Amino acid sequence: MAQGVTLLDPARFDVRGEVNVGRDVLIDVNVILEGRVDIEDNVQIGPNCVIKNSTLRRGAIIKANSHLEGADVGAGSDVGPFARLRPGSVLRDQVHVGNFVELKNALLHDGVKVGHLTYLGDSDVGARTNIGAGTITCNYDGANKWRTVIGEDVFIGSNNSLVAPVDIRAGATTGAGSTITAEVPEKALAVGRAKQRVIEGWKRPEKIKKS
């Protein structure tokens with residue numbers, strides 16, 4: 001606190017390792033810092049966060065109930081609430097990682113937005129790219145891990161499955177509900193989903209009454 005940290009309740013704050021802090025840092029209640037944690041100036045950490053062996057750069061905001069381990073959060077980035085950053089997660093500057101997003105061994109360049117309900121594992125995401133809700137990288141084939149590479153200014157539609165290894169080039173777009181299994185060229189639109197069928201007069205199954 002003498003170094004410029006505001007603890008909203010010092011009785012509900014745990015340090016379990018080595019912490020280096022800058023000035024004008026705000027830490028809410030029930031935060032646990034483990035291992036080596038480096039916190040630069042003007043960082044805010046919300047309640048109920050666990051941060052282990054991570055770096056939070058100038059102006060970063062970690063919102064409530066987020067768990068970070070082995071992560072590097074860039075200047076002006078915000079994470080959470082309810083986000084999980086696993087080892088190897090690197091956020092450059094001004095990155096947004098929203099609620100119920102999980103990252104593992106993923107590099108997100110400047111200005112990337114990953115709003116909600118997403119898993120990015122073994123991924124490299126170019127600057128200013130937007131990842132739609134419900135998108136996952138299918139990075140594990142049961143034996144080996146594979147990498148997904150997404151270029152700059154890409155728009156990934158909601159509920160996409162990106163089957164690694166796969167490259168999505170700069171400026172490309174993928175349609176909502178797509179399964180992407182092959183390279184998408186620059187500025188192209190890729191749609192990978194089955195054609196919808198409508199079956200008129202279909203009857204829902206009925207429960208069999210127990211005698």
Side-chain angles (χ1 to χ4, degrees), residues 1-125 129-140 145 147-148:
M1 294 173 72
Q3 290 177 283
V5 177
T6 298
L7 298 176
L8 295 189
D9 186 350
R12 289 185 287 170
F13 171 65
D14 287 337
V15 174
R16 303 173 184 175
E18 178 185 352
V19 178
N20 296 308
V21 292
R23 293 194 172 275
D24 298 316
V25 172
L26 175 67
I27 300 178
D28 211 325
V29 300
N30 299 325
V31 168
I32 299 173
L33 304 180
E34 298 184 59
R36 181 184 173 92
V37 178
D38 294 309
I39 302 173
E40 295 185 356
D41 297 346
N42 300 302
V43 168
Q44 298 179 35
I45 303 175
N48 308 313
C49 292
V50 178
I51 301 172
K52 181 177 182 180
N53 295 326
S54 295
T55 299
L56 310 180
R57 302 194 183 276
R58 180 184 296 269
I61 298 173
I62 311 301
K63 298 177 183 177
N65 302 294
S66 295
H67 284 218
L68 285 66
E69 180 179 359
D72 188 330
V73 178
S77 294
D78 67 282
V79 174
F82 293 98
R84 184 182 183 199
L85 274 56
R86 293 167 58 193
S89 298
V90 177
L91 281 54
R92 300 302 191 202
D93 296 347
Q94 304 294 328
V95 172
H96 169 63
V97 173
N99 49 288
F100 302 104
V101 172
E102 180 179 352
L103 306 179
K104 191 274 295 180
N105 193 24
L107 171 59
L108 278 54
H109 290 271
D110 294 355
V112 168
K113 292 181 172 60
V114 190
H116 23 242
L117 303 166
T118 293
Y119 169 69
L120 299 178
D122 300 299
S123 302
D124 190 326
V125 183
T129 284
N130 185 89
I131 307 292
T135 291
I136 64 168
T137 53
C138 307
N139 57 319
Y140 182 52
K145 299 288 182 70
R147 198 156 187 86
T148 298

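Worth saying up front: this structure is predicted, and the values here are computed from it rather than measured.
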Exercise. With the threshold set at 4.0 Å, does a side-chain nitrogen-carboxylate oxygen contact exist between Arg23 and Asp41?
Worked result: no

Exercise. Of all heavy-atom pairs between Ile51 and Val37, which one has the smallest distance, and what is that distance?
Worked result: O-CG2, 3.6 Å

For this session: Working to the nearest 0.5 Å, report the span between CG of Leu117 and CD1 of Ile136.
Result: 12.0 Å

For this session: Apply side chain to side chain contact (heavy atoms under 4.5 Å, CB included) to Leu68 and Leu56, showing your working.
Result: CA-CA 10 Å; Leu68 285 66; Leu56 310 180; 3.9 Å; yes

Problem set entry | Straight-line distance of His109 NE2 to Leu91 CG, nearest 0.5 Å | 11.0 Å

Report, one line per pair, each donor and acceptor closer than 3.5 Å where one atom sits in a side chain of residues 24-35; sequence neighbours left out.
residue	atom	partner	partner atom	Å
Asn30	ND2	Asn48	OD1	3.2

For this session: Work out which heavy atom in Lys63 is nearest to a heavy atom in Cys49; give both atom names and the distance.
Result: O-SG, 3.1 Å

Exercise. Can you tell me how far NZ of Lys113 sits from CG of Leu108, rounded to the nearest 0.5 angstrom?
Worked result: 11.5 Å

Problem set entry | Any residue meeting ring-ring contact (aromatic ring centres under 6.0 Å, His included) with Phe100, in chain and number order, not counting sequence neighbours | Phe82

For this session: Please assess Val19 against Ile39 for the test side chain to side chain contact (heavy atoms under 4.5 Å, CB included), listing each intermediate value before the final yes or no.
Result: CA-CA 8 Å; Val19 178; Ile39 302 173; 4.3 Å; yes

Problem set entry | Pair Asp122-Tyr140, side chain to side chain contact (heavy atoms under 4.5 Å, CB included): steps then yes or no | CA-CA 9 Å; Asp122 300 299; Tyr140 182 52; over 6 Å; no

For this session: Could you note down all residue pairs passing ring-ring contact (aromatic ring centres under 6.0 Å, His included) where residues 8-52 supplies at least one of them, sequence neighbours left out?
Result: none

Seminar exercise, completed: In short, Ala60 meets Gly74 closest at the heavy-atom pair CB-O, 4.0 Å

For this session: Could you tell me whether the side chain of Asp110 and the main chain of Arg92 form a donor-acceptor pair under 3.5 Å?
Result: no

Problem set entry | Pro87 backbone acceptor or donor facing Ser89 side chain under 3.5 Å | no

For this session: Mind listing the closest non-hydrogen atom pair of Gly98 and Ala83 along with its distance?
Result: O-CB, 3.7 Å

Exercise. Between CZ of Arg147 and OG of Ser123, what distance do you get to the nearest 0.5 Å?
Worked result: 6.5 Å

Problem set entry | Closest non-hydrogen atom pair between Asn139 and Gly121, with its separation | CB-O, 3.7 Å

Exercise. Hey, is the main chain of Pro81 close enough, under 3.5 Å, to the side chain of Asn65 for a donor-acceptor pair?
Worked result: no

Exercise. Partners of Asp38 by side chain to side chain donor-acceptor pair (under 3.5 Å), sequence neighbours excluded?
Worked result: Asn20, Arg36

For this session: Would you give the length of the straight line joining atom OG1 of Thr129 to atom CG of Asp124, rounded to the nearest 0.5 angstrom?
Result: 10.0 Å

Problem set entry | With sequence neighbours excluded, residues passing side chain to side chain donor-acceptor pair (under 3.5 Å) with His67 | none

Exercise. Checking Thr137 side chain against Thr148 main chain: does a donor-acceptor pair fall under 3.5 Å?
Worked result: no

Problem set entry | Inter-residue atom distance Ile62.CD1 - Ser77.OG, 0.5 Å rounding | 8.5 Å

For this session: Under the side chain to side chain donor-acceptor pair (under 3.5 Å) rule, collect the residues that match up with Asp72, sequence neighbours excluded.
Result: Arg57

Problem set entry | side chain to side chain contact (heavy atoms under 4.5 Å, CB included) assessment of Asn105 paired with Arg86 | CA-CA 7 Å; Asn105 193 24; Arg86 293 167 58 193; over 6 Å; no

